[in-house]
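Note that the coordinates shown come from a computational prediction; the quantities given were computed from them, not determined experimentally. Naming convention: chains lettered A, B, ... in sequence-line order (proteins, then strands); numbering from 1 in each chain.
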2 protein chains.
Amino acid sequence: MDPFLEAAIDEARQGLSEEGIPIGSVLVIDGEIVARGHNRRIQKGSVILHAEMDCLEKAGRRTAADYSRSILYSTLSPCDMCSGAALLYKIPKIVVGENRTFQGPESYVRSRGVDLEILDDPDCIAMMQSFIAERPELWNEDIGLPN
Amino acid sequence: MDPFLEAAIDEARQGLSEEGIPIGSVLVIDGEIVARGHNRRIQKGSVILHAEMDCLEKAGRRTAADYSRSILYSTLSPCDMCSGAALLYKIPKIVVGENRTFQGPESYVRSRGVDLEILDDPDCIAMMQSFIAERPELWNEDIGLPN
């Protein structure tokens, strides 16, 4: 398996072990993981710390040159907010574990020039399917849907 | 002046008094301000706490019904990230102090059904023009541009 997706899955599992939403993310620059993150809605009562946002925040203040060489990994298709963060910082490539259980604004993100790759990973799919079945109200809250 | 824009400007001035980037935001539900925020890049070394994100985070975990009755105010046209956060939570209306010094993805946001109103407020314009002239490197960093 892609070692960076594996690291993102490890983050998702870390979230699950904290009774959080199992979505993980890593930021890669020049072939090295510079930051890791996972969804913190439950852990921090946060509405902005989706996995990708947590990861970008942990990466700290970076130059445009850094972002221009980066790849953002996420176990799940990034939502409007996380896609927007990637667009703001002009991250040229996003690699996604799966987009069967949720799809962000993929065609819009591609229309803005981002190389968005979907790996359709069975572990990512199984993890989200199981979580959504067990905690539908939490999942709906995380993606802005009514309960 | 619109009292909610005035509250957002107060937040922007608070940011300036902390040597931060002078952009402020408030979230209004049923005619009441439920949260206030301002850009915290400098204050917290944060790449995700733009004014609108800080405000949404301070508003805490809300139901979709709450967001559906909300209005997000910002002194400046929301960037890709902040626009994306508003889209995620299906905030139906965004009121913006000005969009002369910066424009986010306004036509895309409108195409997603958001009522985006631009007030073209002279105080908001003057505040950003002055800040950008004084701290161009910080401003470029905040909107993902090279220095």
Side-chain angles (χ1 to χ4, degrees), chain A residues 21 27 35 37 40-68 70 78-92 102 104-105 107-109 111-114 137-147, chain B residues 21 27 35 37 40-68 70 78-92 102 104-105 107-109 111-114 137-147:
Chain A
I21 300 173
L27 187 70
R40 311 263 180 183
R41 176 173 295 269
I42 303 307
Q43 297 92 321
K44 293 198 171 180
S46 174
V47 306
I48 64 172
L49 287 175
H50 275 189
E52 301 90 330
M53 304 296 286
D54 187 47
C55 179
L56 290 171
E57 185 72 331
K58 289 206 166 65
R61 290 172 60 186
R62 297 267 167 181
T63 63
D66 278 349
Y67 289 121
S68 76
S70 71
C79 78
D80 284 304
M81 173 174 67
C82 299
S83 296
L87 290 171
L88 169 63
Y89 291 117
K90 299 175 182 56
I91 293 173
F102 177 80
S107 59
Y108 174 66
V109 168
S111 79
R112 294 279 304 270
V114 176
E137 76 299 340
L138 196 49
W139 175 235
N140 284 339
E141 181 191 325
D142 203 52
I143 54 173
L145 292 183
N147 273 303
Chain B
I21 300 173
L27 186 70
R40 311 264 179 182
R41 177 174 294 270
I42 303 307
Q43 297 92 321
K44 294 198 171 180
S46 174
V47 305
I48 63 171
L49 288 174
H50 276 190
E52 301 90 328
M53 305 296 286
D54 187 47
C55 179
L56 290 171
E57 185 72 332
K58 287 204 168 65
R61 291 172 60 185
R62 297 266 168 183
T63 64
D66 279 349
Y67 289 122
S68 76
S70 71
C79 78
D80 284 305
M81 173 175 68
C82 299
S83 297
L87 290 171
L88 169 63
Y89 291 117
K90 300 177 181 56
I91 293 173
F102 176 80
S107 59
Y108 174 66
V109 168
S111 79
R112 294 278 303 269
V114 176
E137 77 299 340
L138 196 48
W139 176 236
N140 284 339
E141 181 192 324
D142 202 51
I143 54 172
L145 292 182
N147 274 302

**OP:** Below 4.5 Å from any heavy atom of chain B, which atoms of A/R112 appear? Answer side chain, backbone, both or neither.
**Re:** side chain
Subject >> Greatest number of heavy atom pairs closer than 4.5 Å to chain A - which of B/N140, B/D80, B/I143 >> reply: B/D80
Original post:
Given the options A/H50, A/M53, A/E141, which has more heavy-atom pairs under 4.5 Å with chain B than any of the others?
Top reply: A/E141
**OP:** Report the relative orientation of the aromatic rings in A/Y89 and A/Y67; use parallel for angles under 30°, tilted for 30 to 60°, perpendicular for over 60°.
**Re:** parallel
Subject >> Under 3.5 Å: donor-acceptor pair, side chain of B/S83, backbone of B/P78 >> reply: yes
Original post:
Where on A/D142 is there a heavy atom nearer than 4.5 Å to chain B: the side chain, the backbone, both, or neither?
Top reply: backbone
**OP:** Compare every heavy atom of B/V114 with every heavy atom of B/I91, then report the nearest pair and how far apart it is.
**Re:** O-CG2, 3.8 Å
Subject >> side chain to side chain contact (heavy atoms under 4.5 Å, CB included) against A/L49, all qualifying residues, sequence neighbours excluded >> reply: A/R40, A/K44, A/S46, A/D54, B/I48
**OP:** Using a cut-off of under 4.5 Å on heavy-atom pairs, state which of B/K90, B/E57, B/R62 scores highest against chain A.
**Re:** B/E57
Subject >> Residues forming a side chain to side chain contact (heavy atoms under 4.5 Å, CB included) with B/A65, sequence neighbours excluded >> reply: B/T63, B/R69
